[in-house]
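Step one of this worksheet: look at the structure below.
Quick caveat, the model's predicted, so the values are computed rather than measured. No hydrogens, no waters, no symmetry mates; every other heavy atom, side chains included, goes into these values. Numbers restart at 1 for each chain; the letters A, B, ... are given by sequence-line order, proteins then strands.
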There are 2 protein chains.
Amino acid sequence: MTEVKDFLDTLTPISDETWAKISVLLKPRLLKKGAFFIEEGQLAKEIGFLYQGIIRGFYRNADGFEYNKHFFTNPSFVGGYASLITNTPNQISQQALSDCQLWVANFEKFSRLYLSCPDLERAARILAERFFVQKEQREIELVVLDADQRYRLFQQQFPQLENQIAQYHIASYLGITPTQLSRIRRKLAQR
Amino acid sequence: MTEVKDFLDTLTPISDETWAKISVLLKPRLLKKGAFFIEEGQLAKEIGFLYQGIIRGFYRNADGFEYNKHFFTNPSFVGGYASLITNTPNQISQQALSDCQLWVANFEKFSRLYLSCPDLERAARILAERFFVQKEQREIELVVLDADQRYRLFQQQFPQLENQIAQYHIASYLGITPTQLSRIRRKLAQR
DNA sequence: CTCATTTCTTTACCTATGTAAATGGATTTA
DNA sequence: TAAATCCATTTACATAGGTAAAGAAATGAG
């Protein structure tokens with residue numbers, strides 16, 4: 001479980017007492033490629049820590065249209081964050097794009113520790129702040145950049161991912177169709 | 001200053017001791033229509049609480065292109081949140097769209113209170129979580145909805161705002177040009 | 001009230017991207 | 001190996017939205 005402790009310590013130092021309380025909540029879980037960690041429409045109950053593998057988080061509407069919001073690569077927290085926080089049903093799903101290994105905890109128990117562990121609540125604050133900063137950045141990119149700039153940015157931000165996942169997942173992350181991504185790739189290759 | 005206390009209490013109850021420490025940091029400020037609270041390129045130093053007026057937060061690139069990320073209406077915290085958190089220069093600016101009244105505090109002093117006031121750090125955590133949820137929602141809307149659906153959503157979410165600010169500010173919030181917004185408005189009016 | 005400025009709308013044209021369908025390569029399954 | 005499936009690419013066409021410029025309407029200053 002050292003993966004979790006190390007990650008938390010990068011946010012803020014976690015005391016041994018706090019870590020003792022956290023660690024008893026963590027259970028190992030394997031997720032086979034294609035399996036879901038969370039699905040839309042359900043109330044999220046668990047928070048996960050991905051220490052091996054790739055997970056996509058995506059929005060799916062009633063027509064079956066899918067938009068890949070994010071690719072999670074280890075190390076990273078995963079889970080229906082908005083659902084956990086607001087206690088409303090998940091709008092998004094998370095699915096393994098490779099075989100994955102996680103530590104999983106009940107979020108209700110986890111977040112109850114905030115009351116007795118200010119250092120953990122601090123870590124949670126810092127994590128939420130970082131999530132916000134990431135989302136704000138993504139928002140700007142979606143509006144200000146066109147699709148081929150977003151594609152090149154994706155290549156920089158996830159350099160190892162392009163060969164590991166399907167093109168249509170990348171297209172979906174960029175907010176375009178596989179057709180358009182193919183056009184962009186052709187144009188870029190012509191130089 | 002009760003506006004600030006009341007707002008914090010909606011996040012989590014704030015003790016009298018904590019409030020005493022916060023309140024000495026707060027200074028009143030007037031912002032005339034058109035004035036900036038923060039500007040891009042600078043390091044943010046202050047956090048503000050808007051209790052009267054309208055402020056736009058926007059991104060501006062090197063070509064002068066502007067994208068209105070958000071409209072702040074009272075009551076609301078304002079400030080270069082990402083800049084404050086990450087201690088990097090602001091990417092965004094915030095400008096008064098009407099005469100505004102704020103309470104302003106030095107963020108460094110404010111956030112140092114987290115160490116001695118767990119209830120304030122809790123409020124900060126909850127606020128960051130809410131900001132994240134808002135941004136995630138906005139991201140989905142930008143990708144999944146087309147411009148006229150986003151326009152109708154804007155009308156619902158800011159019902160009082162449409163008559164108070166310029167069309168081109170709304171267009172910029174929607175991620176389109178005033179030309180396109182005008183086309184959308186014409187089409188909607190024809191029904 | 002009048003003139004000047006700003007904002008909104010309209011038009012013509014152009015581009016990025018979507019849709020649907022066909023093709024061919026790659027991978028999986030029988 | 002053969003068949004079936006999945007995936008990336010390509011093509012033709014349709015549409016949302018951008019750009020530039022002009023005109024109309026609203027706002028503001030003197």
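Computed from coordinates, the A:K187 NZ to D:dT10 C1' distance equals 16 Å when rounded to whole Å. Following rounding to the nearest Å, B:D148 (CG) and D:dA16 (P) show an atom-to-atom distance of 9 Å. When rounded to the nearest whole Å, the span between CD1 of A:I176 and P of D:dG17 equals 16 Å. Between A:N163 atom CG and D:dA8 atom P the separation is 12 Å, expressed in whole Å. Rounded to whole angstrom, the span from the CD1 atom of A:I184 across to the C1' atom of C:dG18 amounts to 12 Å. Here D:dT15 presents its P atom at 17 Å from CD of B:Q149, a figure rounded to the nearest Å. What separates CG of B:D63 from P of D:dG18 is a distance of 16 Å, to the nearest Å. Computed from coordinates, the B:L142 CG to D:dG17 C1' distance equals 15 Å when rounded to whole Å.
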Kindly give the atom pairs (protein nitrogen or oxygen, nucleotide nitrogen or oxygen) under 3.5 Å for nucleotides 5-11 of chain C.
residue : atom : partner : partner atom : Å
C:dT7   : OP1  : B:Y168  : OH           : 3.0
C:dC8   : OP1  : B:Q167  : N            : 2.7
C:dC8   : OP2  : B:Q167  : N            : 3.3
C:dC8   : OP2  : B:Y168  : N            : 3.3
C:dT9   : OP1  : B:R185  : NE           : 3.4
C:dT9   : OP1  : B:R185  : NH2          : 3.4
C:dT9   : O5'  : B:S182  : OG           : 3.2

Polar atoms only, N or O, under 3.5 Å: list the protein pairs with nucleotides 22-30 of chain C and their distances.
none

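Aromatic rings of B:F131 and B:Y81 (six-membered ring for Trp) have centroids within the 6.0 Å cut-off, being under it. If you look at A:F77 and A:F49, their ring centroids are closer than 6.0 Å. Residues A:F7 and A:Y51 place their aromatic rings such that the two centres sit no closer than 6.0 Å.
Contact record, A:Q160 with A:T73: NE2-CG2, 4.0 Å, taken as the closest heavy-atom pair. Taking every heavy atom of both residues into account, A:L142 and B:E139 meet most closely at CD1-CG, 3.7 Å. Summarising the geometry of B:I126 relative to B:L11, their closest heavy-atom pair is CD1-O, 3.4 Å, with the distance given to 0.1 Å.
Taking the centre and axis of the six-membered ring of B:Y173, the NZ or CZ atom of B:R138 falls inside the cone set by 45° and 6.0 Å.
Using a 4.0 Å cut-off between charged nitrogen and carboxylate oxygen, A:K45 and A:E108 do not count as a salt-bridge pair.
For the residue pair A:S15 / A:T18, a side-chain donor-acceptor distance below 3.5 Å is found, with atom types taken as modelled.
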